[in-house]
Amino acid sequence: MSPSPAAPARDRLRIAIQKKGRLADPARALLTACGLSWRESRDKLFCFGESLPVDLLLVRDDDIPGLIADGVCDLGIVGFNELDEQAKARRQIGMSDAYQSLRALPFGDCRLMLGIPEEWEWSGVDMLQGKRIATSYPAILTAWLAERGIKADVVELSGSVEIAPKLGTADLIADLVSSGATLRANQLKPVEILMESTAVLAGPVDELTDSRAGLMAMLLRRLDGINASREQKLVMFSAADEALPSIGSLLPAGAELIRLPGTAQPARLQAMCPSGLSWQQLEEIERAGASQLMVLAVEKSLA
Ligand code: ATP
Ligand code: ZN
């Protein structure tokens with residue numbers, strides 16, 4: 001057999017995001033914060049990148065892992081739950097891994113949980129032997145049950161999983177939960193966490209080799225900068241040199257104290273702190289000899 005021809009080099013990066021749903025707006029907001037902009041075509045499938053050669057494909061979240069696996073898209077923003085479900089399903093039929101989570105993102109938090117009828121008393125996973133469990137995450141549930149040596153029927157449903165016990169198609173469910181309100185509305189209660197999930201930036205297992213690799217590295221660096229700066233605060237103040245040791249000991253761990261150039265006394269100083277400071281901490285720093293204290297939020301940082 002002749003080797004398959006190498007995929008043609010592409011010079012634009014393509015990111016798949018959810019078209020409509022919980023992850024659609026936060027995914028766009030995050031990519032916008034990374035400095036990307038597009039020729040707006042919100043209702044269409046494709047958005048052409050203007051500020052950088054980075055285009056968007058707007059799709060159903062279920063399609064995102066496959067689009068990365070097939071090389072149609074280079075990156076995707078998808079729930080870890082969906083990514084892991086499809087990865088496990090591939091492994092169960094002997095396929096190799098084709099995508100991976102590159103970064104966890106600060107939205108889309110949820111848990112995949114077992115929900116049982118309210119009237120049941122939960123006595124542990126052995127209760128699940130022989131039961132029928134409805135879920136949209138059959139591969140995750142199957143692996144979870146197997147790890148615990150439980151033999152149960154996994155009933156795969158693509159939606160409205162929470163009404164399965166009422167309809168009699170299952171005894172209990174495994175479904176995504178954030179507040180638990182949907183479970184309660186269906187007379188179910190959450191009892192076991194199968195997985196904690198957030199949205200992730202997913203990418204291929206194999207590294208890109210053409211000019212998209214540079215674009216991807218730049219995007220990741222900007223994302224990391226956004227993540228790092230979320231908690232970071234820049235503290236500025238004036239203080240005499242002899243007060244610096246005690247002020248330094250009051251700053252959060254990891255804070256880097258820098259004396260700004262100039263000979264004025266008291267000297268002007270700044271400290272980049274990895275976390276915020278409470279009012280009490282600021283007052284202690286003031287008592288230790290700092291004046292003109294100012295705490296600034298860090299919008300962007302390239303570490
Ligand atoms: P699509 O039409 O794209 O298939 P969907 O109905 O599968 O949409 P959403 O309900 O928008 O998807 O959920 C997308 C993702 O949001 C989930 O896969 C999960 O990662 C995350 N999420 C966060 N909280 C919840 C929740 N309470 N219920 C469901 N998903 C949640
Ligand atoms: Zn979906």
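Counting starts at 1 for both ligands and their atoms, in listed order.
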Looking only at protein heavy atoms, which one is nearest to [atom], and how far off is it?
{"atom": "atom 24 (N) of ligand 1", "result": "C110 CB, 3.4 Å"}
{"atom": "atom 13 (O) of ligand 1", "result": "R22 CD, 3.6 Å"}
{"atom": "atom 2 (O) of ligand 1", "result": "R60 NE, 3.4 Å"}

Report task. Only heavy atoms count here, so choose which of I17, D62, L176, T182 is nearest to atom 30 (N) of ligand 1. Result ->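 Answer by nearest heavy atom: L176.
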
Query raised in the report: For atom 14 (C) of ligand 1, which of D61, L183, L58, V200 has the closest heavy atom?
Result: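 Shortest heavy-atom distance from atom 14 (C) of ligand 1: D61.
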
Query raised in the report: Which atoms of the protein, restricted to N, O or S, are nearer than 2.8 Å to the Zn ion (ligand 2)?
Result: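 Those protein N, O or S atoms (cut-off: under 2.8 Å from the Zn ion (ligand 2)) are D61 OD1, D62 OD1.
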
**Report entry** E192/W144 under side-chain contact (heavy atoms from CB on, under 4.5 Å): CA gap, chis, key distance, verdict
**Finding:** CA-CA 11 Å; E192 282 278 325; W144 188 86; 3.9 Å; yes

Under 4.0 Å from a heavy atom of [X]: which atoms of ligand 1 are those, numbered in the order shown and with their elements?
{"X": "G79", "value": "20 (O)"}
{"X": "D109", "value": "23 (C), 24 (N)"}
{"X": "S178", "value": "24 (N), 26 (C), 27 (N)"}
{"X": "L23", "value": "15 (C), 16 (O)"}
{"X": "G21", "value": "11 (O)"}

Requested in this report: Decide yes or no for T135 and D175: does some side-chain heavy atom of the first lie under 4.5 Å from some side-chain heavy atom of the second?
Outcome: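 T135 vs D175: side chains apart.
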
Requested in this report: Check whether any side-chain heavy atom of L31 sits under 4.5 Å from a side-chain heavy atom of I15, and report yes or no.
Outcome: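 SC-SC contact between L31 and I15 confirmed.
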
Query raised in the report: When only distance counts, is Q18 in polar contact with ligand 1, meaning an N/O pair under 3.5 Å?
Result: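 Right, the criterion is met.
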
Query raised in the report: Is there a nitrogen or oxygen of N81 sitting under 3.5 Å from a nitrogen or oxygen of ligand 1?
Result: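 For ligand 1, there is an N or O atom that lies under 3.5 Å from one belonging to N81.
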
**Report entry** Heavy-atom closest pair, residues L52 and M218
**Finding:**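 Distance-wise, the nearest heavy atoms are CD1-CE, 3.4 Å.
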
Query raised in the report: Between I247 and G289, what is the shortest heavy-atom contact and its length?
Result: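 Minimum heavy-atom separation between I247 and G289: CD1-C, 4.1 Å.
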
Requested in this report: May I ask you to check whether S238 and Q292 show a side-chain donor-acceptor distance below 3.5 Å?
Outcome: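 Per modelled atom types, S238 and Q292 side chains form a pair under 3.5 Å.
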
Query - W38 side chain vs V54 backbone, donor-acceptor pair below 3.5 Å - result: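 Looks like yes, one N/O pair under 3.5 Å.
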
Query raised in the report: Are the side chain of S278 and the backbone of Q281 linked by a donor-acceptor contact shorter than 3.5 Å?
Result: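 Confirmed, S278 side chain pairs with Q281 backbone.
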
Salt bridge between [X] and [Y], side-chain N to carboxylate O under 4.0 Å?
{"X": "R39", "Y": "E50", "answer": "yes"}
{"X": "D97", "Y": "R91", "answer": "yes"}
{"X": "R14", "Y": "D74", "answer": "no"}

Report task. Taking atom 6 (O) of ligand 1 as the reference point, report whether a protein heavy atom occurs under 4.0 Å from it. Result ->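 When distances to the protein are checked, atom 6 (O) of ligand 1 has no heavy atom within 4.0 Å.
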
Report task. Applying side-chain contact (heavy atoms from CB on, under 4.5 Å) between Q270 and each of L257, L260, L296, report the one that passes. Result ->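 That would be L260.
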
